[in-house]
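Reviewing the structure listed below.
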Amino acid sequence: MANVSLQHISKIYPGGVKAVDDFNLEIADKEFIVLVGPSGCGKSTTLRMVAGLEEISEGELYIGDKLVNDVAPKDRDIAMVFQNYALYPHMTVFDNMAFGLKLRKTPKDQIKQRVEEAARILDIEHLLNRKPKALSGGQRQRVALGRAIVREPKVFLMDEPLSNLDAKLRVAMRTEITKLHNRLQTTFIYVTHDQTEAMTMGSRIVIMKDGVIQQTDTPQNNYDYPANKFVAGFIGSPQMNFFDVHFSKQGDKTYAVFGENAIAVPKEILRRFKDESYLQKEVTMGIRPEDIDDDPEFVAAHPDSTIKVHVEVTELMGAETYLYFSTSGKENKEENVIARVDPRTKTRTGDDTVVALDTSRLHFFEKDTKNEETILNRTAQ
């Protein structure tokens, strides 16, 4: 079994700097876990502690049922793929892939069999006699993956393995690594700062900030039910729009008000509020770019969810169009808004127009608190 258990793991550097703080995570056998977050959030440090390349300051780390805090990296039955490939330039591809097995004194025929099988899986059989300098970035990354595969480890650790590749190759390799996980049926722990990689590859995503886990969930749940404002803004591209709002009750309707704009909040959203006292407070309202629509029919059908905007920039992306608006916000200061709309939109730069929000997709967060947590339950109370 290749389950991994991190229990109250912390990393404290000299001077009392906490790079990772009370990290708790249970990783199931054969799971594909992605650690994601901005630079300096502690994700690579966490991975290096699992690998044994960083000493654990506090807590316990188990691989399988074995406590491995004091076990040397070579004895942890893990294989790591680095950002910079870490290939030996004077060795052929075959020898690079075989190197770890030779150190373990694996029989030569077994080494040959494992290297050729890994090369076949990764489609690099024709490169086995080349040196790394004769390979492209994508080919070098496949060799680095191959070197990990031949070890047949319990756990694969990957530290931003695609960050040195160009955009097109990164997309292709993303698919290849996902296929590889499906084929090998081994536990993968993958680190990236790219939330698109995280969303498309992980069975679960661990979102980190300042050494602390913010949310651990499936990609879709992280997207649909962010635990706090940081998660809401980090997951999704373009990022979620935020407005400081207060609530106003008019008849049987409750409006979220900011500047000259008033958005009717559906009753099903209000029923999800964790506490009715939030209706007396100023909070942060969030809406994703794809949940804002400039289609005249949609706008006409939703008069209680419209805002007046001025179009600053239009970005034609082919399959979609990004509209960058300004609208009035708190104390009538200008708010910037991004919408992702149909590519056939008639809206153009310089237009003063009206757009409507899909209010069933509104998010609300605490304002000016430590974690700015969501004030919505996942389901109505």
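Along the sequence shown, the residues carry numbers beginning at 1. What you are looking at is a predicted structure, and each value in this text was computed from that prediction instead of being measured.
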Val17: hydrophobic cluster co-members (side-chain, 4.5 Å)
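Members besides Val17, by chain and number: Tyr13.
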Under 4.5 Å between side-chain heavy atoms, chaining through other members, with only Ile, Leu, Val, Met, Phe, Trp and Tyr counted: pull out the rest of the cluster around Phe99, sorted by chain and number.
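Via sub-4.5 Å side-chain contacts, Phe99 links to Tyr88, Met91, Leu103.
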Are any of the side-chain nitrogens in [X] or [Y] under 4.0 Å away from the carboxylate oxygens of its partner?
X	Y	answer
Lys43	Asp159	no
Arg114	Glu152	yes
Asp304	Lys253	yes
Lys367	Glu372	no

Got a sec, which pairs hit salt bridge (Lys or Arg N to Asp or Glu O under 4.0 Å) with one end in residues 313-328, sequence neighbours left out?
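Matches after skipping sequence neighbours: Glu320-Arg340.
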Take atom CD of Gln185 as the centre, draw a 6.0 Å sphere, and report whether it contains more than 12 heavy atoms from other residues, nucleotides or ligands.
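Yes, the 6.0 Å shell around CD holds more than 12 heavy atoms from other groups.
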Over 60° means perpendicular and under 30° means parallel, so classify the ring planes of [Y] and [X], tilted if in between.
X	Y	result
Phe156	Phe188	tilted
Tyr190	Phe32	tilted
Tyr324	Tyr322	perpendicular

Leu135 side chain reached by Leu127 side chain, heavy atoms, under 4.5 Å:
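The answer is yes; the side chains approach within 4.5 Å.
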